[in-house]
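All remarks here apply to the structure that follows.
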Amino acid sequence: MCRHFREDFGLTTRVARFHNVYGPHGTWEGGREKAPAAICRKVIHAKATGDHRIEIWGDGHQTRSFMYIDDCLKGTLAITASDILEPINLGSSELVTINQLVDLVEHIAGVRLERRYNLGAPKGVNGRNSDNTRIRQYLGWEPSTTLRDGLEKTYRWIHEAYMQRYSAPVV
């Protein structure tokens with residue numbers, strides 16, 4: 001559609017294909033959150049309640065890549081300012097399993113949890129990653145925030161939001 005509008009009406013467009021964006025101020029509960037926020041919330045809940053168990057959807061071996069919101073914004077601005085005409089991936093190529101994601105959040109939280117795998121829950125595809133070949137070619141761009149660093153910031157923000165919501169005194 002963008003190509004047709006460019007060809008027919010001279011409209012300048014850019015198309016970025018976003019891959020699993022996460023970070024502070026995002027959805028962290030309710031079923032629509034991305035895996036990093038869901039895992040952070042589950043770990044925080046386990047620590048807060050003293051129930052050191054965590055449910056993981058699927059077997060934990062499914063793979064994903066996650067891009068921190070600051071990198072998404074920088075990448076979006078770079079694509080917008082470019083002359084790239086075809087759709088381009090905007091994501092991180094740092095691939096992890098869901099089990100590795102849980103490992104990282106447990107380390108950040110300073111806790112080790114018993115994992116319970118819910119094989120009947122939606123797990124999505126077995127693997128998904130961003131191929132950044134073109135964006136590196138065109139813009140020399142790659143996300144600069146490691147998953148570990150982005151998770152630390154996200155964990156702190158969700159922890160604060162969780163405590164405000166669930167630890168506030170009842171009036």
Side-chain angles (χ1 to χ4, degrees), residues 16-76 78 88-136 140-168:
R17 184 168 180 254
F18 297 104
H19 289 260
N20 290 326
V21 180
Y22 75 98
H25 305 285
T27 302
W28 58 275
E29 65 180 343
R32 303 292 298 169
E33 66 277 13
K34 298 288 184 190
I39 298 300
C40 286
R41 183 197 72 245
K42 289 178 179 185
V43 170
I44 291 163
H45 180 76
K47 277 190 76 169
T49 63
D51 181 1
H52 287 194
R53 294 177 291 177
I54 186 171
E55 180 183 77
I56 298 171
W57 290 5
D59 62 10
H61 296 294
Q62 56 273 42
T63 58
R64 299 287 184 275
S65 62
F66 304 99
M67 179 176 49
Y68 189 65
I69 184 63
D70 291 2
D71 289 323
C72 181
L73 295 171
K74 290 173 189 171
T76 300
I88 192 158
N89 289 337
L90 182 58
S92 172
S93 56
E94 184 182 354
L95 189 67
V96 295
T97 66
I98 297 302
N99 281 328
Q100 290 170 322
L101 182 66
V102 174
D103 290 342
L104 283 169
V105 177
E106 285 177 333
H107 188 262
I108 290 165
V111 68
R112 189 78 176 138
L113 304 175
E114 176 188 333
R115 297 174 188 194
R116 296 197 173 171
Y117 297 94
N118 183 346
L119 302 179
K123 69 171 189 157
V125 298
N126 283 329
R128 181 175 295 137
N129 196 16
S130 179
D131 180 349
N132 288 355
T133 304
R134 283 189 183 166
I135 198 163
R136 276 194 308 269
W141 187 88
E142 189 79 34
S144 61
T145 307
T146 65
L147 180 58
R148 169 97 165 107
D149 290 345
L151 279 174
E152 282 191 41
K153 295 172 187 175
T154 303
Y155 181 91
R156 282 196 303 271
W157 183 82
I158 294 173
H159 185 272
E160 184 178 319
Y162 180 97
M163 292 304 169
Q164 286 178 356
R165 179 165 292 166
Y166 296 109
S167 297

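Counting heavy atoms from C-beta on, the side chains of Glu106 and Leu113 come closer than 4.5 Å. At least one side-chain heavy atom of Phe18 sits less than 4.5 Å from a side-chain heavy atom of Thr76. Leu151 is listed as a side-chain neighbour of Pro36, based on a closest heavy-atom distance under 4.5 Å. Counting only heavy atoms from C-beta outward, the side chains of Leu147 and Leu104 approach each other to under 4.5 Å. His19 has its side chain out of reach of Phe66: every pair of non-hydrogen atoms, C-beta onward, lies at least 4.5 Å apart. Put simply, the side chain of His25 reaches to within 4.5 Å of the side chain of Trp157, judged on heavy atoms. The closest side-chain heavy-atom distance from Asp59 to Ile98 is not below 4.5 Å.
Atoms OG and CD, from Ser92 and Glu142 in turn, are 6.5 Å apart once rounded to the nearest 0.5 Å. For the atom pair NZ (Lys153) and CZ (Arg148), the distance works out to 12.5 Å, reported to the nearest 0.5 Å. From Thr145, atom OG1 reaches atom NZ of Lys74 across 6.0 Å, with rounding to the nearest 0.5 Å. Distance check, rounded to the nearest 0.5 Å: CD1 of Ile44 to CE of Met163 gives 7.0 Å. Atom-to-atom distance recorded for Ile108:CD1 and Thr154:OG1 is 8.5 Å, nearest 0.5 angstrom. A distance of 14.0 Å separates CD1 in Ile39 from NZ in Lys34, rounded to the nearest 0.5 Å.
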Quiz item: Does the pair Val43 and Tyr155 meet the rule for a side chain to side chain contact (heavy atoms under 4.5 Å, CB included), with working shown?
Solution: CA-CA 9 Å; Val43 170; Tyr155 181 91; 4.2 Å; yes

Quiz item: Can you check side chain to side chain contact (heavy atoms under 4.5 Å, CB included) on Arg128 and Leu95, steps first, answer last?
Solution: CA-CA 8 Å; Arg128 181 175 295 137; Leu95 189 67; over 6 Å; no

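Nearest heavy atoms, Trp28 versus Ala37: CA-CB, 3.9 Å. Looking at every heavy atom in both residues, Arg53 comes nearest to Ala46 through O-CB, 3.9 Å. The minimum heavy-atom distance linking Thr146 with Tyr22 is given by the pair O-OH, 4.1 Å. Considering all non-hydrogen atoms of both residues, Pro24 and Tyr68 come closest at CD-OH, 3.4 Å. In plain terms, the two heavy atoms of Met67 and Trp141 that are nearest each other are SD-CH2, 4.0 Å. Shown here for Ile88 and Arg134, the closest heavy-atom pair between the two residues is CD1-C, 3.8 Å.
No more than 12 heavy atoms of other residues, nucleotides or ligands lie within 6.0 Å of NE2 in His107, so this atom counts as exposed by the packing criterion.
Using modelled atom types and a 3.5 Å distance limit, the side chains of Asp51 and Thr49 yield no donor-acceptor pair. Asp71 and Ser144 form a side-chain donor-acceptor contact under 3.5 Å, judged by distance and modelled atom types alone. Side-chain polar atoms of Thr97 and Asn99 form no donor-acceptor pair below 3.5 angstrom. Looking only at atom types and distance, the side chain of Asn126 has no donor-acceptor partner in the side chain of Gln62 under 3.5 Å away.
Remark: side-chain polar atoms of Lys47 are not paired, donor with acceptor, to backbone N or O of Val111 under 3.5 angstrom.
With respect to Arg116 and Glu114, a salt bridge is recorded, a charged nitrogen being found less than 4.0 Å from a carboxylate O. At a threshold of 4.0 Å, the pair Arg156-Glu160 does not count as salt-bridged, since none of the basic side-chain nitrogens sits closer than that to a carboxylate oxygen.
Residue pairs meeting the salt bridge (Lys or Arg N to Asp or Glu O under 4.0 Å) criterion with at least one member in residues 91-103, sequence neighbours excluded: Asp103-Arg112, Asp103-Arg115.
When Asn129, Asn132, Asp131 are each tested for a side chain to side chain donor-acceptor pair (under 3.5 Å) with Ser65, only one passes: Asn129.
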